[in-house]
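A short worksheet on the structure shown next.
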Amino acid sequence: MTTTTRFAPSPTGRLHVGNIRTALHNWMLAKQSGGRFLLRIDDTDAERSREEYVEAIRADLAWLGLEPDGEERQSLRLAHYEAAFEALKAAGRVYPAYETAQELELRRKVLLGRGLPPIYDRGALKLTDAERATKEAEGILPHWRFLLDHAEPIAWEDGIRGPQKFDAAQLSDPVIRRADGSWLYMLPSAVDDIEMGITHVLRGEDHVSNTAVQVQMFTALHAAGFAAASDAASPHPAFAHEALLMGKEGKLSKRLGSLGCDAFREKGIEPEALIALLARLGTSLAVEPIADRAALIESFDLATFGRAPARFDDAELERINKAIIHQLDFVEVKDRLPAGMDEAGWHAIRPNLATVAEAGEWWRLVTGPIDRIEFGAEDRAYMAEAARTLEWSDDPWHTLTAALKEKTGRKGKPLFLPLRQALTGMDHGPDMAELLPLIGEAEARARLERAAHS
Ligand code: GLU
């Protein structure tokens, strides 16, 4: 059976780093076995869903290189949810409820005040037909709840958390449909996971209690003829719930919740760096600057995921970013380099970069103008000697410094630093052996002569 995973964002905002991580893991899980990774837009909430966010989600996934093998939209599948709803209704697994939000909230508070779990009391199930008819005659439309079976044990083998068990009696019958007919998350998601052939549901641990409810929903749908793809023996897909992301400071931070692809791009973070970090953060595998996705995919293993929250650290991301940039090939960055910068230029400058955008600053050392440095009399004479000595070859830097060492007796810093300063206007920077050929003979001589007369 082809592994099929899905990333199911609600288009009510931009993707943040936590969503990106979930998308990545689903993508890797699918790609590891040549499977399919679907993008499912969970847009049943018409009021909060926005088309601009759908577009932003697609653009972010494209920037990350996590291209889906298919896209589905819940708003185009309402008839499917209706059919499942009718089937569950016929099976006696959904029931109408008439409480207002205020009533429910009040009951919750009373229960919590008594130190009891705020489980829905199934008041609506106790209504007689006459009472229901009265409510409807008063114009009160019901919302709909899924009836959990308290006698049916809830258990699944979680890919990350191990064996999970829930007592249905400790859960509220979830509201699955609002009075206006619109859908809440729970049923459409289960229907889609079945009909889209989802074999693995990998999501954040904030969904564990939803899964508990959905396990019974899958079973009920299965009994009603909706069959899941996982395997014939199980009515539901395989589940795995990953620990949530935390900021370095150890709290679930608001900042992380708003940190998305745009912010990373603006800071010069490469998608490959983000991928390398998020692929392994929170796992027992070492986070390393691995730019090769195939290697990351190969080592991806749910068994390495820990139960503790994964800590996201910007400094770690920046370190990985730098190391990844130092590995990037010219073809991967050429569109983002300053005009005229060629492959040799990229190779010379790459080791000095923390971001690709910095290439422009370093390339200025080749194209000029460079900063002027004031030299003392002795160094000015040294520069004059250097200008005379400069001889062009395949490796002009080593030819020049070897000859100057011989002629002047200088070595180490006094030999190299004034030359670097005269040729680049800086005390540090890219390897001079790589840079000098790019500066070129005439310009190099002119810079040395200018220094000699400074
Ligand atoms: N739309 C849901 C969310 O963003 C999807 C959860 C799931 O993966 O089932 O939380």
Side-chain angles (χ1 to χ4, degrees), residues 267-270 318-319 321-454:
K267 278 176 66 184
I269 300 294
E270 299 296 315
E318 278 162 29
R319 259 195 318 275
N321 195 49
K322 221 165 154 173
I324 294 262
I325 287 172
H326 300 172
Q327 303 170 43
L328 289 178
D329 285 330
F330 178 64
V331 287
E332 296 172 90
V333 290
K334 66 179 200 306
D335 299 339
R336 293 187 282 153
L337 298 181
M341 187 166 169
D342 58 5
E343 187 159 5
W346 172 246
H347 280 272
I349 280 164
R350 184 175 72 167
N352 289 76
L353 300 178
T355 66
V356 172
E358 285 172 6
E361 288 163 43
W362 292 111
W363 188 238
R364 199 176 50 82
L365 305 188
V366 171
T367 58
I370 59 165
D371 292 343
R372 298 207 65 155
I373 297 209
E374 294 294 318
F375 290 98
E378 215 176 304
D379 278 342
R380 285 204 297 275
Y382 177 52
M383 287 312 134
E385 184 63 52
R388 278 192 299 276
T389 308
L390 183 66
E391 198 183 300
W392 217 244
S393 67
D394 277 354
D395 185 4
W397 175 252
H398 289 114
T399 315
L400 175 67
T401 51
L404 284 172
K405 188 175 178 183
E406 185 76 34
K407 279 192 189 169
T408 65
R410 289 191 183 215
K411 54 186 182 197
K413 201 168 156 188
L415 173 71
F416 298 114
L417 183 61
L419 290 172
R420 174 182 283 284
Q421 290 172 328
L423 288 164
T424 68
M426 290 185 70
D427 295 345
H428 67 282
D431 182 1
M432 287 304 301
E434 291 196 53
L435 210 52
L436 189 52
L438 300 168
I439 294 171
E441 182 175 7
E443 177 65 14
R445 183 162 289 111
R447 289 182 189 180
L448 291 171
E449 278 166 359
R450 220 179 295 135
H453 300 109
S454 61

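The analysis underlying the following values was restricted to heavy atoms, covering all of them including side chains, and did not include hydrogens, waters or symmetry mates.
Of all heavy-atom pairs spanning A387 and E449, the tightest one is CB-CG, 3.7 Å. Here the shortest heavy-atom pairing between A444 and I439 reads N-CG2, 3.9 Å. I325 approaches G268 most closely through the heavy-atom pair CD1-O, 4.4 Å.
A donor-acceptor contact under 3.5 angstrom links the side chains of K407 and T389, judged on distance only.
Counting only distance, with no hydrogens or angles, the side chain of D329 and the backbone of V331 share no donor-acceptor pair below 3.5 Å. Of the possible donor and acceptor atoms, none in the side chain of W363 sits under 3.5 Å from a partner among the backbone N and O of G340. Put simply, the side chain of E358 gets close to the backbone of A354: a donor and an acceptor are under 3.5 Å apart. Of the possible donor and acceptor atoms, none in the side chain of R380 sits under 3.5 Å from a partner among the backbone N and O of H453. Not a single donor-acceptor pair under 3.5 Å links the side chain of N321 to the backbone N or O of T355. Here the side chain of R336 pairs no donor or acceptor atom with the backbone of A357 at under 3.5 angstrom.
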- Task: Evaluate the criterion side chain to side chain contact (heavy atoms under 4.5 Å, CB included) for residue pair D371 and R364; output intermediate values, then yes/no.
- Result: CA-CA 10 Å; D371 292 343; R364 199 176 50 82; 4.2 Å; yes
- Could you go through the side chain to side chain contact (heavy atoms under 4.5 Å, CB included) check for Q327 and R350 one step at a time? CA-CA 8 Å; Q327 303 170 43; R350 184 175 72 167; 5.6 Å; no
- Could you go through the side chain to side chain contact (heavy atoms under 4.5 Å, CB included) check for W392 and L436 one step at a time? CA-CA 10 Å; W392 217 244; L436 189 52; 4.0 Å; yes
- Item | Derivation of the salt bridge (charged side-chain N to carboxylate O under 4.0 Å, His left out) call for E385 and R388 | CA-CA 5 Å; E385 184 63 52; R388 278 192 299 276; 3.1 Å; yes
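Distance check: I324 CD1 to L353 CG gives 14.0 Å after rounding to the nearest 0.5 Å. Annotation: the span from E378 atom CD to T408 atom OG1 amounts to 10.0 Å, rounded to 0.5 Å. We find the CG-CG distance between L390 and L404 to be 9.0 Å, quoted to the nearest 0.5 Å. Separation of atoms CD (E361) and CG (N352) is listed at 11.0 Å; rounding is to 0.5 Å. The distance from the CG atom of L423 to the CD1 atom of I370 is 7.0 Å, given to the nearest 0.5 Å. The CG atom of L438 lies 13.5 Å from the CH2 atom of W346; values are rounded to the nearest 0.5 Å.
Remark: W397 engages no residue in a ring pair (Phe, Tyr, Trp, His ring centres under 6.0 Å) (not counting sequence neighbours). Under the rule for a side chain to side chain donor-acceptor pair (under 3.5 Å), K334 has no partner lying at least two apart in sequence or in another chain. Evaluation of the side chain to side chain donor-acceptor pair (under 3.5 Å) rule for R319 yields no partner, not counting sequence neighbours. A search for side chain to side chain donor-acceptor pair (under 3.5 Å) contacts involving H398 returns D395, not counting sequence neighbours. With sequence neighbours left out, H428 forms a ring pair (Phe, Tyr, Trp, His ring centres under 6.0 Å) with W362.
E443 pairs in a side-chain contact (heavy atoms from CB on, under 4.5 Å) with only one of the listed residues (R447, R445, E441), which is R447.
Under 4.0 Å is where a charged nitrogen must lie from a carboxylate oxygen, and between E318 and K322 no such pair does.
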Which atom pairs, donor and acceptor, lie under 3.5 Å between side-chain atoms of residues 409-422 and protein residues at least two apart or in another chain?
from: R410; atom 1: NH1; to: D379; atom 2: OD1; distance (Å): 3.0
from: R410; atom 1: NH1; to: P414; atom 2: O; distance (Å): 2.8
from: R410; atom 1: NH2; to: D379; atom 2: OD1; distance (Å): 3.0
from: R420; atom 1: NH1; to: P430; atom 2: O; distance (Å): 3.1
from: R420; atom 1: NH2; to: P430; atom 2: O; distance (Å): 3.0
from: Q421; atom 1: NE2; to: D427; atom 2: OD1; distance (Å): 2.8

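The closest side-chain heavy-atom distance from I349 to L337 is not below 4.5 Å.
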